[in-house]
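The structure appears below as structure tokens.
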Amino acid sequence: MGSRFDITVVAEDSIEGNAYIDMAVNEIERIEKLISSWDPTSQTSEVNRNAGIKPVKVGRELFNLIERAQGLSRLTDGAFDISYASMDKIWKFDGSMTSMPDEKAIESSVDKVGYGNIVLDKENSSVFLKLSGMKIGFGAIGKGYAADKAKELLIAKGVEAGIINASGDMSVWGSQPGGMDWKVALVNPLNKNKVFALLPVKNGAVVTSGDYEKYVTFNGVRYAHIIDPRTGYPATGIISATVFAPKAELADALATSIFVMGIKTGVDRVNQLPGVECILIDDKGSIHTSENVELEK
Ligand code: ADP
Ligand code: MG
């Protein structure tokens with residue numbers, strides 16, 4: 001998936017452990033083949049190629065993933081949208097931009113974006129992107145989904161504890177040998193050498209989205225690399241969003257969309273969701289959390 005995965009399993013010995021890790025790797029590769037927009041032979045690419053032309057029959061797994069993604073779009077009022085992928089890339093976050101793109105260009109950059117134009121036909125298991133030039137992409141949930149699936153597979157094989165870490169999107173189950181909970185360290189992006197919280201995670205997922213080096217500043221406003229699919233403007237105000245949820249797929253989608261929703265709406269939305277918590281850092285370095293998070297110094 002163009003990103004690093006670290007897999008940890010608890011097993012009797014390293015031979016058994018490595019066998020389990022190989023199974024997880026195969027599962028992640030299987031999912032990549034399904035959801036990759038780069039691989040021209042993937043079902044996702046076929047859907048994209050037929051945008052504005054015709055519905056494409058896809059396997060149940062991809063159909064269900066897209067259906068859940070639409071649910072996440074509704075949950076976030078469109079802040080999360082897998083059809084973001086057709087957005088014209090008019091923002092550059094590599095330091096090459098010297099001024100804001102003009103308003104018209106920003107507006108038209110999202111012409112082909114909108115989850116309402118993804119037509120799902122459950123009976124035929126088909127997906128139709130209504131507008132020609134439309135595209136879907138799983139950049140904001142693919143890693144989380146893969147981490148969940150690898151975890152699910154290993155649990156089914158009898159692995160009692162482990163961590164699937166998809167470049168910071170973590171799916172965790174069981175506990176360390178000896179019974180201690182797994183712990184996740186959170187780093188303040190404004191001071192990367194300092195861990196500001198060490199939190200126990202039992203069974204669930206922890207995902208962090210951060211703008212780190214990827215942002216531009218105009219007139220004193222810091223624009224993050226995550227773009228609001230409704231307006232074409234980059235998110236502002238947040239530099240790091242960590243979400244705890246039962247599943248990495250949900251945590252991944254929420255972490256990305258909280259950037260777009262902003263601190264107040266983001267925290268409010270998380271407070272309405274059972275089993276979901278968040279820790280946000282704003283562009284002044286202040287920390288905001290959902291109701292049930294207690295940070296000890
Ligand atoms: P990272 O993988 O860097 O932690 P995220 O999980 O936050 O980042 O996902 C960012 C990626 O998600 C972007 O690179 C892009 O592929 C995709 N994306 C950006 N904005 C949106 C959005 N509003 N809705 C869905 N996907 C998005
Ligand atoms: Mg994400």
Side-chain angles (χ1 to χ4, degrees), residues 1-6 28 31-32 35-38 44 48 65-66 68-94 106 109-110 112-118 129 134-148 164-171 184 186-187 189 205-216 223-245 247-262 265-266 269 278-281:
M1 290 194 199
S3 46
R4 179 191 167 109
F5 278 71
D6 292 280
I28 292 160
I31 291 163
E32 176 165 32
I35 66 174
S36 165
S37 340
W38 309 112
T44 302
N48 287 340
L65 179 65
I66 295 171
R68 290 198 303 281
Q70 272 193 327
L72 289 163
S73 294
R74 284 188 290 270
L75 180 75
T76 59
D77 304 317
F80 176 84
D81 193 330
I82 55 170
S83 75
Y84 81 90
S86 74
M87 222 178 317
D88 279 340
K89 304 253 181 317
I90 55 172
W91 299 88
K92 306 225 160 42
F93 302 95
D94 56 6
I106 296 171
S109 71
V110 291
K112 305 281 167 67
V113 179
Y115 66 95
N117 289 317
I118 305 172
L129 307 181
M134 245 182 111
K135 259 190 219 144
I136 53 172
F138 298 96
I141 50 167
K143 279 185 292 166
Y145 178 63
D148 285 339
I164 312 289
N165 180 354
S167 302
D169 292 12
M170 293 203 278
S171 217
V184 176
L186 300 185
V187 175
V206 190
V207 170
T208 297
S209 278
D211 77 351
Y212 307 104
E213 281 92 21
K214 290 197 275 184
Y215 62 89
V216 282
Y223 294 94
H225 76 288
I226 295 173
I227 294 172
D228 187 333
R230 301 161 298 192
T231 63
Y233 280 85
T236 58
I238 298 179
I239 58 172
S240 165
T242 298
V243 176
F244 299 76
K247 292 251 174 130
E249 176 187 309
L250 174 64
D252 199 0
L254 283 174
T256 304
S257 40
I258 284 173
F259 264 84
V260 174
M261 290 191 282
T265 310
R269 198 57 45 98
C278 68
I279 301 175
L280 315 178
I281 302 176

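First listed ligand is number 1; within each ligand, the first listed atom is number 1. All values below were derived from every heavy atom in this structure, side-chain atoms included, with hydrogens, water molecules and symmetry-related copies excluded.
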Problem - Closest candidate by heavy atom, reference atom 6 (O) of ligand 1, pool Asp252, Ile258, Ile141 - result: Asp252
Practice task
Taking the side chain as every heavy atom from C-beta outward, state whether Ile82 and Leu72 have any pair of such atoms under 4.5 Å apart.
Solution key: no
Fill in the blank from the handout: Rounded to the nearest 0.5 angstrom, the CZ-CZ distance for Phe80 and Arg74 is 12.0 Å
Problem - Nearest heavy-atom neighbours spanning Thr76 and Arg269 - result: CA-NH1, 4.0 Å
Problem - Those atoms of ligand 1 less than 4.0 Å from some heavy atom in Gly139 - result: 9 (O), 11 (C), 12 (O), 16 (O)
Exercise for the section: Show which atoms of ligand 1 fall inside a sub-4.0 Å distance from at least one heavy-atom site of Pro229. Expected result: 23 (N)
Practice task
Please identify which atoms of ligand 1 are closer than 4.0 Å to at least one heavy atom of Lys143.
Solution key: 1 (P), 2 (O), 4 (O)
Practice task
Show which atoms of ligand 1 fall inside a sub-4.0 Å distance from at least one heavy-atom site of Ala79.
Solution key: 22 (C), 23 (N), 24 (N)
Exercise for the section: Just do the side-chain contact (heavy atoms from CB on, under 4.5 Å) check on Leu254 and Leu75 with the steps written out, would you? Expected result: CA-CA 9 Å; Leu254 283 174; Leu75 180 75; 4.3 Å; yes
Exercise for the section: Report yes or no: does a heavy atom of Gly137 sit under 4.0 Å from some atom of ligand 1? Expected result: no
Problem - Distance-only N or O hit between ligand 1 and Asp169, under 3.5 Å - result: no
Completion exercise
CG (Leu65) and CD1 (Ile31) are apart, to the nearest 0.5 Å, by 9.0 Å
Exercise for the section: Establish, from distance only, whether the side-chain atoms of Asp81 and Ser73 form a donor-acceptor pair under 3.5 Å. Expected result: no
Practice task
Classify the contact between Phe80 and ligand 1 as side chain, backbone, both or neither, using a heavy-atom distance cut-off of under 4.0 Å.
Solution key: both
Practice task
List every atom of ligand 1 that sits less than 4.0 Å from any heavy atom of Ile226, numbering the atoms from 1 in the order shown and giving each element.
Solution key: 7 (O), 20 (N)
Fill in the blank from the handout: Any heavy atom of Ser257 under 4.0 Å from ligand 1? The part involved is neither
Exercise for the section: State, with a plain yes or no, whether a side-chain heavy atom of Leu129 is found less than 4.5 Å away from one of Ile118. Expected result: yes
